[in-house]
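Report on the structure given below.
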Amino acid sequence: TRPARHCKTSFGARDFGGFQDCFFRDRPMDTARIAVVGAGVVGLSTAVCISKLVPQCSVTIISDKFTPDTTSDVAAGMLIPHTYPDIPIHTQKQWFRETFNHLFAIANSAEAGDAGVHLVSGIKGSGGWTLTRRIDDLWELHPSFDIVVNCSGLGSRQLAGDSKIFPVRGQVLQVQAPWVEHFIRDGSGLTYIYPGTSHVTLGGTRQKGDWNLSPDAENSREILSRCCALEPSLHGACNIREKVGLRPYRPGVRLQTELLARDGRRLPVVHHYGHGSGGISVHWGTALEAARLVSECVHALRTPIPKSKL
């Protein structure tokens with residue numbers, strides 16, 4: 001497969017024609033052009049699932065931020081079931097089971113040490129593209145793309161007009177404490193110690209409606225104090241770094257297709273966002289479902305509309 005390519009640009013909405021010529025001049029005419037907006041764990045996993053499940057398509061990931069500057073990079077990355085009040089329990093269990101099986105396979109593979117449990121390298125081998133660019137309106141992607149997948153998280157307040165999604169601010173500390181080999185978590189889940197491949201994550205905070213991305217010194221002191229109470233050896237931790245991420249919380253994950261229409265034009269959009277702090281735990285399961293919705297859109301695009309007989 002053709003390796004993924006990356007392009008960083010700041011051109012305007014009216015200049016997507018040049019982008020289209022550059023990226024798609026050698027594609028077959030029946031290739032469906034799919035844009036995935038958002039490059040967190042949800043967006044990246046959705047792009048991988050689409051490339052695996054939807055034949056004859058080209059996938060481009062568009063985001064103003066890529067790793068290591070996404071909310072997913074701040075997350076400790078623990079696989080813990082989360083509940084969504086508006087989603088049936090059997091559906092949530094399916095998402096979690098599919099995600100667990102996927103990550104468990106990675107953990108037992110020869111690439112486990114290099115990959116951790118993230119999927120960034122998987123997208124580079126699937127023939128997709130990445131494009132650094134801010135999107136202010138999904139219509140900017142028309143007509144350069146046939147289908148748009150909205151994985152923009154909190155950006156959906158603007159892009160989809162969704163007032164149900166709001167931030168839950170999380171501040172953590174990343175420290176060097178290589179002697180910590182097991183995770184420790186209090187009953188509420190607010191205080192936790194999660195060892196990773198390169199650092200130990202100490203957390204945390206759950207501040208609803210707080211958009212502040214700057215570290216708060218008092219939050220850091222409280223986090224360190226609470227974690228040292230659970231594991232006193234952390235008094236010897238070094239290289240302490242403060243990290244802040246805004247969890248995109250919504251009462252239920254939005255996973256549905258919407259057909260946008262404007263001035264006689266149509267743009268199918270698959271919405272896939274609103275995971276809150278549970279994105280790591282169900283991302284693969286929900287990405288598979290999003291890919292199935294994209295496949296339905298592609299099928300609809302390729303199905304001729306029957307002509308009515310007078």
Side-chain angles (χ1 to χ4, degrees), residues 40-42 65 67-85 89 92-93 95-96 99-100 103-104 106-107 112-113 115-118 153-154 165-251 253 274-283:
V41 67
V42 170
K65 293 181 180 178
T67 188
D69 300 317
T70 70
T71 298
S72 298
D73 288 285
V74 178
M78 290 295 289
L79 195 70
I80 300 174
H82 293 262
T83 58
Y84 303 98
I89 291 297
Q92 297 185 52
K93 287 182 177 180
W95 292 345
F96 185 82
T99 302
F100 176 87
L103 296 181
F104 188 72
I106 293 177
V117 290
H118 60 83
L154 286 172
I165 190 166
F166 61 89
V168 177
R169 183 179 181 273
Q171 180 165 323
V172 300
L173 303 179
Q174 295 178 350
V175 306
Q176 293 297 314
W179 59 87
V180 177
E181 298 180 350
H182 305 285
F183 76 85
I184 306 174
R185 184 175 184 264
D186 72 359
S188 68
L190 183 60
T191 304
Y192 50 83
I193 302 166
Y194 293 144
T197 56
S198 61
H199 58 260
V200 179
T201 300
L202 311 181
T205 66
R206 295 181 191 143
Q207 297 157 310
K208 295 182 179 180
D210 191 336
W211 291 86
N212 182 20
L213 282 168
S214 299
D216 181 273
E218 182 60 29
N219 286 163
S220 295
R221 284 191 292 269
E222 291 176 354
I223 292 170
L224 187 59
S225 175
R226 285 188 274 123
C227 289
C228 285
L230 290 180
E231 177 51 65
S233 69
L234 286 172
H235 284 292
C238 60
N239 296 333
I240 299 176
R241 294 180 296 169
E242 300 170 301
K243 296 289 183 177
V244 177
L246 304 181
R247 307 175 182 96
Y249 181 80
R250 197 175 183 275
V253 175
H275 296 66
S277 58
I280 294 294
S281 299
V282 298
H283 70 275

Between the CG atom in L154 and the CH2 atom in W211, the distance rounded to the nearest 0.5 Å is 4.5 Å

Hey, could you give me the OG1/CG distance between T205 and D216, rounded to the nearest 0.5 Å?
9.0 Å

Closest heavy-atom pair, W95 versus V282, reported as atoms and distance to 0.1 Å, is CB-CB, 3.8 Å

In terms of side-chain heavy atoms, does Q174 have a donor or acceptor partner in N239 at a distance below 3.5 Å?
no

Suppose we screen for side chain to side chain contact (heavy atoms under 4.5 Å, CB included). Which residues come up paired with T191, at least two apart in sequence or across chains?
D186, R226, C227, L230

Nearest heavy-atom neighbours spanning L190 and R206:
N-NH2, 3.6 Å

Mind listing the closest non-hydrogen atom pair of H283 and I280 along with its distance?
ND1-O, 2.9 Å

Spacing of S277 atom OG and Y249 atom OH [to the nearest 0.5 Å]
8.5 Å

Report the C-alpha distance between R169 and N212 in whole Å, list the side-chain angles of each, state the deciding distance to 0.1 Å, and finish with yes or no for side-chain contact (heavy atoms from CB on, under 4.5 Å).
CA-CA 7 Å; R169 183 179 181 273; N212 182 20; 4.0 Å; yes

Smallest separation among heavy atoms of K208 and V168, with atom names
CG-CG2, 4.1 Å

Under 3.5 Å side-chain donor-acceptor pair for Y84 and R250:
no

Quick one: closest heavy-atom pair of P248 and I165, and the distance?
CB-CD1, 3.9 Å

Flag the pair E242 / Q171 as yes when at least one side-chain heavy-atom distance between them is below 4.5 Å, and no otherwise.
yes

For the residue pair A177 and A237, what are the closest heavy atoms and their distance?
CB-CB, 4.3 Å

At what distance, to the nearest 0.5 angstrom, does CZ of F166 lie from CG of D210?
12.0 Å

Apply side-chain contact (heavy atoms from CB on, under 4.5 Å) to H182 and V180, showing your working.
CA-CA 6 Å; H182 305 285; V180 177; over 6 Å; no

Measure the OG-CG distance between S220 and L202 for me, rounded to the nearest 0.5 Å.
10.0 Å

Check step by step if side-chain contact (heavy atoms from CB on, under 4.5 Å) holds for R241 and L173.
CA-CA 6 Å; R241 294 180 296 169; L173 303 179; over 6 Å; no

When rounded to the nearest 0.5 angstrom, what distance separates CD1 in I240 from CD in Q176?
10.5 Å

Checking T83 against Q92: is there a side-chain donor and acceptor pair closer than 3.5 Å?
no

Could you go step by step and tell me if N219 and Q207 meet the side-chain contact (heavy atoms from CB on, under 4.5 Å) rule?
CA-CA 11 Å; N219 286 163; Q207 297 157 310; 3.3 Å; yes

